[in-house]
Amino acid sequence: MLTSLALIFLVGMTLGWVFSRLRLPSLLGMLLTGILLGPYVLNLLNGSILGISADLRQLALIIILTRAGLSLQVDDLKKVGRPAVLMCFVPACFELVGMLLLAPALLGIPLLDAAIMGAVVAAVSPAVVVPRMLKLMEEGYGTDHSIPQLILAGASVDDVFVIVLFTSFTGLAQGGTLSPATFLQVPVSVVTGLAFGAVAGVLFGAFYRRFHVRDSAKVVVLLSLSFLFVALENAIKRTIPFSGLLAVMSCGIALQRTRPEMAQRLAAKYSKLWVASEILLFVLVGATVDISYARSAGAAALVVILGCLAFRMVGVFVCLLGTGLPLRERLFSMIAYTPKATVQAAIGSVPLSMGLPCGQLVLTVAVLAILVTAPLGAFGIDMTYRRLLTKHSPVV
């Protein structure tokens, strides 16, 4: 395992640096590292680290979502209003409709299989989007109209909505039924996650207002609380819908609201943790990619993925109607909402493991979606934000 970790960090950093020197997103180098080192090419990663790959990827997500919560200004999000809510589910619905229209015609599959595939593909990747939106917030791009905050918040809830749909559709494929109560899980899990995290964040801030310890110790405690949030989701999901990752971000937001000075210091600590976590996350996502699936997908699967992306972009445009945002900022929002990686890597193989007839095809399309949209979306964000967004000029 130690050798595998050394290869992940050394090769991942090297290829990430090479790609950044080529003016390409560094995550491309990290994804390529995972593909090369993974079990489907050179097979240099120890099985023990691949066995806990999902947990390590979740750890990295927890770190970046906590950092997002510590940096997110709720007042800025309130200024956006209605579009912030719509971005949580409307683009995913548009993409799902696109899959229902395109996949049966181009891939020859039934509507239910297309719905399962659409639920896998429709999730945006917080791991790609969130760090880039934080960078824009730090540099002041688009902050006058709260564009980064809008995308950051929407991307975090979008996954909850899509995973509930995925669970519903796979249950239906196994002979279950679809009831209105199933869809109530989405708002309930959002509300319970946000509320629980907010209470925890307020208590955390109040506790350390009274008891003074080093910020490094606070980070360890906050990380531990975040792990417990995610564990709680798995423990109570059969009785109470609850989103652990939303609780993680909500905890950071509450802390930022009640103890802004502490939140700023902790955000700086989390930024340093993200340096290693980012490499681990994207290399391990790359290691899940079996390129033989991508080769077998054919042109039809690629057309389906790109067609569904077009539907998603239309959905983003619909969310922003009536906002008064300039067309270039709407265009940037449409581009920024396209990358896919983490959710597809996490659930793409689930239908196959369930023994569903569509399992192999769903996994193939999920792999291809990662290979196409993660680089395309990251490249689109990095190459366009200076042109399409206005940089905030502080009042002197």
Side-chain angles (χ1 to χ4, degrees), residues 26-27 58-80 84 125-144 146-157 193-194 196-209 211-230 244-282 336 342 381 385 391-392 394:
S26 60
L27 74 86
Q58 194 162 52
L59 169 62
L61 270 180
I62 285 170
I63 288 171
I64 193 59
L65 286 175
T66 306
R67 182 183 162 206
L70 292 169
S71 305
L72 187 62
Q73 297 284 348
V74 176
D75 291 338
D76 291 338
L77 203 55
K78 286 179 182 175
K79 290 192 296 185
V80 180
S125 173
V128 179
V129 172
V130 170
R132 281 169 169 74
M133 295 307 106
L134 290 174
K135 178 186 174 186
L136 299 193
M137 289 161 61
E138 290 166 3
E139 295 182 6
Y141 281 95
T143 52
D144 285 342
S146 304
I147 300 296
Q149 293 91 331
L150 166 70
I151 296 168
L152 191 155
S156 303
V157 181
L194 291 176
F196 194 89
V199 170
V202 171
L203 293 176
F204 182 92
F207 182 84
Y208 286 111
R209 187 190 296 272
F211 300 98
H212 300 285
V213 299
R214 295 172 57 189
D215 286 337
S216 299
K218 294 188 186 92
V219 168
V220 173
V221 174
L222 193 54
L223 269 177
S224 302
L225 286 174
S226 301
F227 299 158
L228 291 175
F229 294 157
V230 175
L245 290 177
L246 274 184
V248 167
M249 192 167 76
S250 174
C251 182
I253 293 172
L255 190 55
Q256 196 275 333
R257 294 281 288 179
T258 56
R259 297 292 307 280
E261 306 87 359
M262 181 196 294
Q264 189 174 11
R265 296 196 307 271
L266 294 183
K269 297 282 187 183
Y270 271 88
S271 297
K272 294 173 183 175
L273 285 176
W274 176 243
V275 173
S277 303
E278 180 183 30
I279 299 168
L280 200 60
L281 173 63
F282 288 112
T342 40
I381 293 169
Y385 76 90
K391 186 170 184 178
H392 174 69

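We count residues from 1, following the sequence as given. Only heavy atoms go into these numbers, but all of them, side chains included; no hydrogens, no water, no symmetry mates.
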Not counting sequence neighbours, which residues clear side-chain contact (heavy atoms from CB on, under 4.5 Å) with V213? List them please. Y208, A217, K218

Nearest 0.5 Å, what's the OG1-CG distance between T66 and L273? 9.5 Å

If you apply the rule side chain to side chain contact (heavy atoms under 4.5 Å, CB included), what do you find for Y385 with K135, and how did you get there? CA-CA 11 Å; Y385 76 90; K135 178 186 174 186; 3.6 Å; yes

Do E278 and R132 pass the salt bridge (Lys or Arg N to Asp or Glu O under 4.0 Å) test, and can you show the C-alpha distance, the side-chain angles, and the key distance before you say yes or no? CA-CA 12 Å; E278 180 183 30; R132 281 169 169 74; 5.2 Å; no

Between L281 and A60, what is the shortest heavy-atom contact and its length? CB-CB, 3.6 Å

Test side chain to side chain donor-acceptor pair (under 3.5 Å) applied to T258 - qualifying residues, sequence neighbours left out: none

Quick one: pull up CZ in F204 and CG in L225 and give me the separation to the nearest 0.5 Å. 7.0 Å

F227 and L59, any side-chain heavy atoms less than 4.5 Å apart: yes

With sequence neighbours excluded, residues passing side chain to side chain donor-acceptor pair (under 3.5 Å) with R259: none

Euclidean distance, L222 CG relative to L266 CG, rounded to 0.5 Å: 6.5 Å

All pairs passing salt bridge (Lys or Arg N to Asp or Glu O under 4.0 Å) where residues 245-256 contributes a residue, at least two apart: none

Supply the atom-to-atom distance I253 CD1 to L72 CG, rounded to the nearest 0.5 angstrom. 4.5 Å

Residues A155 and P126: closest non-hydrogen pair is O-CG, 4.1 Å

Where do I147 and M133 land on the side chain to side chain contact (heavy atoms under 4.5 Å, CB included) test, with the steps shown first? CA-CA 9 Å; I147 300 296; M133 295 307 106; 5.9 Å; no

Can you see which heavy atom on A336 is nearest to which on I151, and at what distance? CB-CD1, 3.7 Å

With sequence neighbours excluded, what pairs up with S71 under the side chain to side chain donor-acceptor pair (under 3.5 Å) test? none

So how far is it from K391 NZ to L136 CG, rounded to the nearest 0.5 Å? 11.0 Å

Check: L194 main-chain N/O paired with S250 side-chain donor or acceptor under 3.5 Å: yes

Nearest heavy-atom pair of A68 and M249: which atoms, and what distance? CB-SD, 4.3 Å

Decide side chain to side chain contact (heavy atoms under 4.5 Å, CB included) for W274 and V130; before the verdict, give the C-alpha distance in whole Å, the side-chain angles of both, and the deciding distance to 0.1 Å. CA-CA 12 Å; W274 176 243; V130 170; over 6 Å; no

Partner set under side chain to side chain donor-acceptor pair (under 3.5 Å) for R265, not counting sequence neighbours: D215

Would you call E138 and R67 a salt bridge, taking side-chain N to carboxylate O under 4.0 Å as the test? yes

Would you give the length of the straight line joining atom CD1 of I62 to atom OG of S226, rounded to the nearest 0.5 angstrom? 6.0 Å

I63 and S277 have their tightest heavy-atom pair at CD1-OG, 3.0 Å

Distance-minimising heavy-atom pair for M137 and L152: SD-CD1, 4.0 Å

Between Y270 and I64, is a side chain to side chain contact (heavy atoms under 4.5 Å, CB included) present by the stated rule, with each step listed? CA-CA 8 Å; Y270 271 88; I64 193 59; over 6 Å; no

4.5 Å side-chain heavy-atom contact, F229 and C251: yes

